[in-house]
Amino acid sequence: KFLNITNGVSQRKWLINNNDSLKNLIERKVKCQLKENFYKIKEIISYKDDLDFLSELGKIKYENKKVFCEYIKKKCNIDIDYNSIFDVQIKRIHEYKRQLLNVLKIVYLIIGLEESKIKFNKPITFIFSGKAAPSYKEAKNVIELILNISKYLQNKGLDKILNVVYIPNYDIEIAEKLIPASDISEQISLAGMEASGTGNMKFMMNGAVTLGTLDGANVEICDFVGEDNIVIFGMNKEEVEKKRKEYNPKLIYESNSEIKKVLDRLDIGFNKSFKHIKEYLLNNDRFMCLADFDSYIKGFKKIISFYEDEERWNKISLVNIGYSSYFSSDRTINEYLDKIWN
């Protein structure tokens with residue numbers, strides 16, 4: 001039998017054993033152990049208007065951020081401000097996952113900061129990690145661009161407002177510390193490319209809020225949490241298929257002043273020119289970063305506005321945690337037992 005069964009992740013690994021403070025808070029409210037009764041996590045949604053509960057949720061996230069910052073300073077000698085917003089994209093470096101689109105957003109923000117056209121009410125740290133295949137030139141070009149932008153911001157003294165971090169040698173240990181500390185979960189692959197994904201599930205289980213396309217399990221996450229508790233941007237699968245036939249990045253570049261400014265900045269570069277990435281975007285980008293750029297910028301501004309309302313953000317975070325029970329690997333295995341093996 002060939003069926004579509006959504007992936008799941010182990011709640012024992014990614015919440016119960018990995019985020020002790022959050023687990024204890026939830027178990028006090030649902031009055032049972034999540035290890036045996038993870039489905040009961042949904043009961044916390046009834047507390048979404050409980051200000052004390054929301055406040056405790058926010059404090060746990062803050063403490064997790066402090067733990068991560070201490071850990072990464074010791075492990076990699078990387079300084080991160082735990083008072084900043086953690087905007088995180090950790091996954092295999094690949095064109096379809098569109099780390100490059102994320103970087104274009106950061107270049108847009110740098111230009112706005114330098115031209116005094118964008119004001120940051122709270123510092124933001126963009127955290128990347130992941131590995132590229134040894135011979136994957138396009139992916140390694142993006143890693144180099146991220147590293148150069150990071151150095152540029154440090155040299156200009158802008159990293160206190162806008163910080164970019166690339167954590168080397170991504171592994172389970174890093175994920176265990178970073179996922180509970182994350183605020184924004186970047187799930188921005190081109191719609192129709194991701195079979196499911198599991199990082200998005202781990203993030204929501206720990207209270208991060210998804211900024212993403214309607215791709216993979218993002219579709220189901222959106223169905224569960226509702227459009228008010230996730231930020232979706234960009235083309236859907238059908239629109240992507242239509243756009244492929246008419247995609248003209250050079251026309252977008254010539255007609256969109258913001259995109260032109262961002263790509264021209266790649267010409268100038270960050271400590272070196274990245275003209276080769278500009279040429280890639282104009283001639284070889286199969287995953288149409290420029291087509292989703294405007295929508296992505298709007299989505300990013302929207303999710304930042306959510307974050308700036310602390311009560312609203314904690315409520316959105318709580319709703320995501322509550323609906324994460326569906327994405328347990330227990331549910332996945334039960335579906336196999338029921339639908340495949342009877």
Side-chain angles (χ1 to χ4, degrees), residues 1-20 22-48 90-92 94 96-97 130 171-172 175-176 179-180 182 185 187-210 212-230 232 235-241 316-342:
K1 295 180 182 180
F2 290 89
L3 300 174
N4 291 320
I5 295 179
T6 299
N7 281 347
V9 297
S10 170
Q11 71 274 11
R12 298 167 191 84
K13 170 68 176 172
W14 293 106
L15 174 57
I16 295 167
N17 293 339
N18 203 38
N19 196 342
D20 200 50
L22 181 58
K23 179 207 74 167
N24 291 338
L25 175 64
I26 294 168
E27 287 185 342
R28 288 204 310 270
K29 289 296 182 182
V30 302
K31 295 180 174 57
C32 72
Q33 289 196 332
L34 293 177
K35 192 172 183 179
E36 287 79 28
N37 303 283
F38 191 65
Y39 66 93
K40 288 182 72 77
I41 199 172
K42 285 188 283 189
E43 293 180 14
I44 68 166
I45 296 170
S46 64
Y47 293 96
K48 63 185 175 66
I90 46 174
K91 53 184 77 235
R92 181 165 52 101
H94 198 287
Y96 91 82
K97 292 181 182 290
D171 58 15
I172 292 292
E176 286 172 344
I179 289 172
S182 300
S185 164
Q187 307 295 333
I188 61 176
S189 52
L190 183 66
M193 297 303 301
E194 191 73 79
S196 172
T198 54
N200 42 11
M201 303 171 191
K202 296 167 191 171
F203 277 109
M204 77 176 295
M205 198 173 276
N206 284 274
V209 181
T210 302
T213 53
L214 277 175
D215 194 32
N218 290 354
V219 177
E220 287 162 298
I221 292 173
C222 185
D223 287 342
F224 278 103
V225 305
E227 293 181 359
D228 292 337
N229 298 298
I230 189 172
I232 296 294
M235 300 176 285
N236 60 33
K237 184 179 177 182
E238 290 72 28
E239 289 166 337
V240 166
E241 290 171 356
I316 293 171
S317 177
L318 181 149
V319 169
N320 275 268
I321 295 166
Y323 280 114
S324 68
S325 63
Y326 177 79
F327 299 101
S328 161
S329 53
D330 292 359
R331 189 267 315 147
T332 304
I333 296 302
N334 279 324
E335 282 197 36
Y336 276 107
L337 290 171
D338 179 43
K339 297 179 180 179
I340 304 291
W341 297 304
N342 297 314

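As a basis for the values below, the full set of heavy atoms in this structure was taken, side chains included, without hydrogen atoms, waters or symmetry mates.
- Under the 3.5 Å distance criterion, the side-chain polar atoms of Thr332 are matched with a main-chain donor or acceptor of Thr6.
- Contacts classified as salt bridge (charged side-chain N to carboxylate O under 4.0 Å, His left out) and involving residues 4-15 (residues at least two apart or in different chains) are given here: Arg12-Asp330, Lys13-Glu176.
- Expressed to the nearest 0.5 Å, how far CZ of Arg331 lies from OH of Tyr336 amounts to 9.5 Å.
- Side-chain contact between Thr213 and Leu190 is absent, with no heavy-atom pair separated by less than 4.5 Å.
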* Check against side-chain contact (heavy atoms from CB on, under 4.5 Å), Met204 and Val225 -> CA-CA 10 Å; Met204 77 176 295; Val225 305; 4.0 Å; yes
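- Sparse packing is recorded around CD of Glu227, with 12 or fewer heavy atoms of other residues, nucleotides or ligands lying under 6.0 Å away.
- Across Cys32 and Lys40, no two heavy atoms sit closer than the pair SG-CD, 3.3 Å.
- You'll find the side chain of Leu214 stays beyond 4.5 Å of the side chain of Lys237, heavy atoms only.
- Contact of the Ile45 side chain with the Tyr323 side chain is registered, since non-hydrogen atoms from C-beta on lie closer than 4.5 Å.
- A 4.5 Å side-chain heavy-atom check between Gln187 and Ile221 finds every atom pair outside the cut-off.
- Taking CE from Met205 and OG1 from Thr198, the interatomic distance works out to 10.5 Å, rounded to the nearest 0.5 Å.
- Note that the CD1 atom of Ile188 and the OG1 atom of Thr210 stand 12.0 Å from one another [nearest 0.5 Å].
- Residues passing the salt bridge (charged side-chain N to carboxylate O under 4.0 Å, His left out) test with Lys91, sequence neighbours excluded: none.
- Across all non-hydrogen atoms, the minimal contact from Ser189 to Asp215 is OG-OD2, 2.6 Å.
- Note: Phe327 and Phe224 have perpendicular aromatic rings, judged against thresholds of 30 and 60 degrees for the angle between ring planes.
- With rounding to the nearest 0.5 Å, the separation of NZ in Lys29 from CD in Glu43 is 12.0 Å.
- Heavy atoms from other residues, nucleotides or ligands lying under 6.0 Å from CG of Asn4 number 12 at most.
- The backbone N or O of Ala191 lies less than 3.5 Å from no partner atom in the side chain of Asn236, so there is not a single donor-acceptor pair.
- The backbone N or O of Ala208 sits nowhere less than 3.5 Å from a side-chain atom of Ser182 that would complete a donor-acceptor pair.
- How far CD of Glu194 is from NZ of Lys97: 3.5 Å, rounded to the nearest 0.5 Å.
- Within the 3.5 Å criterion, the main-chain N or O of Asn206 finds no donor-acceptor partner in the side chain of Asn19.
- Annotation for Gly197 and Ala217: closest pair O-CB, 4.3 Å, computed over non-hydrogen atoms.
- Residues Asn320 and Asn229 are in side-chain contact: their nearest non-hydrogen atoms beyond the backbone lie under 4.5 Å apart.
- The backbone N or O of Ser325 lies less than 3.5 Å from no partner atom in the side chain of Ser328, so there is not a single donor-acceptor pair.
- By the 4.5 Å heavy-atom criterion applied to side chains, Val30 and Ile41 are not counted as neighbours.
- Residues passing the salt bridge (charged side-chain N to carboxylate O under 4.0 Å, His left out) test with Asp20 are Lys23, sequence neighbours excluded.
- No donor-acceptor pair closer than 3.5 Å links the side chain of Gln11 to the backbone N or O of Ile16.
- Within the 4.5 Å cutoff, side-chain heavy atoms of Ile321 are placed close to those of Leu22.
- Here the shortest heavy-atom pairing between Ser196 and Met201 reads OG-CE, 3.6 Å.
- In this structure, Ile26 CD1 and Tyr47 OH are separated by 12.0 Å, a value rounded to the nearest 0.5 Å.
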